[in-house]
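Accompanying notes for the structure given below.
Predicted, not measured: the structure shown is a model, and the values here were computed from it.
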Amino acid sequence: MKSKKIETCFCISLLVILAQFVVLVYSLIIYTSLYKWLPWYEGAGIQFLIIPFVFLPILLALGVLMKLLSRKYEITKFSTLLPFVSGGLIVLPILADGGLGTLCISFGIVFSLVLIGFTIYSLVSSLRIRFY
């Protein structure tokens with residue numbers, strides 16, 4: 001019975017990490033959407049409203065879920081804090097710049113890429129802890 005609960009927790013934590021990965025990939029797509037040479041070009045800039053109003057609450061909810069799971073099950077502190085850090089860092093360029101200047105877009109792209117890398121690391125380390 002206990003083994004079944006651990007398996008369920010592990011599956012939920014993997015789904016949370018994968019959901020975080022999807023959100024960060026979409027934020028990268030949104031940050032790169034002002035480049036005309038990309039197929040997902042959208043010059044209006046309205047798509048940036050998705051980041052603070054949709055992605056931030058999703059990442060905060062994922063962080064709360066990971067925090068709740070970490071109370072009963074073995075989840076690394078890095079994996080627990082990553083959704084909160086991700087939410088803050090993907091919103092930071094928009095809030096700090098106030099516009100959609102080159103600096104805002106550049107920092108948004110860099111933050112998204114770095115956070116995607118950290119999320120992949122978190123996924124691999126969770127799998128490694130579980131299976132080794």
Is there side-chain contact between [X] and [Y], with heavy atoms separated by less than 4.5 Å?
{"X": "L65", "Y": "I12", "result": "yes"}
{"X": "L92", "Y": "L89", "result": "yes"}
{"X": "F118", "Y": "V85", "result": "no"}
{"X": "S86", "Y": "L24", "result": "yes"}
{"X": "Y41", "Y": "S33", "result": "no"}
{"X": "Y31", "Y": "F107", "result": "no"}

Nearest-0.5 Å distance that lies between atom [atom1] in [X] and atom [atom2] in [Y]:
{"X": "L34", "Y": "L100", "atom1": "CG", "atom2": "CG", "value": "6.0 Å"}
{"X": "L95", "Y": "L56", "atom1": "CG", "atom2": "CG", "value": "8.5 Å"}
{"X": "T32", "Y": "L38", "atom1": "OG1", "atom2": "CG", "value": "5.5 Å"}
{"X": "I94", "Y": "I105", "atom1": "CD1", "atom2": "CD1", "value": "7.5 Å"}
{"X": "S27", "Y": "I58", "atom1": "OG", "atom2": "CD1", "value": "11.0 Å"}
{"X": "R71", "Y": "M66", "atom1": "CZ", "atom2": "CE", "value": "14.0 Å"}

- [ ] Could you tell me whether the side chains of S122 and T119 share a donor-acceptor contact shorter than 3.5 Å?
- [x]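 No donor-acceptor contact under 3.5 Å links the two side chains.
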- [ ] Kindly give the heavy-atom pair with the smallest separation between E42 and Q47, and that separation in Å.
- [x]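 Looking at all heavy atoms of both residues, the shortest contact is O-NE2, 3.0 Å.
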Open item on the list: I need the minimum non-hydrogen distance between T80 and P83, along with the two atoms involved.
Closed with: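 Nearest pair, atom of T80 first, then P83: O-CD, 3.5 Å.
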Open item on the list: Please determine whether side chain to side chain contact (heavy atoms under 4.5 Å, CB included) holds for the pair L59 and I90, giving the CA-CA distance in whole Å, both sets of side-chain angles, and the decisive distance to 0.1 Å.
Closed with: CA-CA 10 Å; L59 287 170; I90 65 166; 3.7 Å; yes
Hphob cluster co-occupancy, [X] + [Y], side-chain heavy atoms under 4.5 angstrom:
{"X": "L49", "Y": "I30", "answer": "no"}
{"X": "I50", "Y": "W40", "answer": "yes"}
{"X": "V124", "Y": "L15", "answer": "no"}

Does [X] use its side chain to pair, donor to acceptor, with the backbone of [Y] at less than 3.5 Å?
{"X": "Q20", "Y": "L62", "value": "no"}
{"X": "S125", "Y": "Y121", "value": "yes"}
{"X": "S112", "Y": "G108", "value": "yes"}

Task: Worked verdict on F55 versus V91 for side chain to side chain contact (heavy atoms under 4.5 Å, CB included) - done: CA-CA 9 Å; F55 291 167; V91 172; over 6 Å; no
TODO: Test side chain to side chain contact (heavy atoms under 4.5 Å, CB included) on S13 and S126 and set out the steps.
DONE: CA-CA 9 Å; S13 66; S126 295; 5.7 Å; no
Open item on the list: Using the rule given for side chain to side chain contact (heavy atoms under 4.5 Å, CB included), can you reason through Y73 versus F10, listing the C-alpha separation, both sets of side-chain angles and the distance that settles it, and then say yes or no?
Closed with: CA-CA 9 Å; Y73 304 105; F10 178 70; over 6 Å; no
Task: Set of side-chain contact (heavy atoms from CB on, under 4.5 Å) partners for W37, sequence neighbours left out - done: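 Once residues adjacent in sequence are excluded, the partners of W37 under the side-chain contact (heavy atoms from CB on, under 4.5 Å) criterion are Y35.
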Open item on the list: Just to verify, what does L123 make a side-chain contact (heavy atoms from CB on, under 4.5 Å) with, not counting sequence neighbours?
Closed with: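 Testing L123 for side-chain contact (heavy atoms from CB on, under 4.5 Å), a comparison that skips the adjacent residues, returns L14, I17, L18, L127.
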Open item on the list: Does atom CZ (F84) have a neighbourhood of more than 12 heavy atoms from anything else shown, all under 6.0 Å?
Closed with: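 More than 12 within 6.0 Å, yes.
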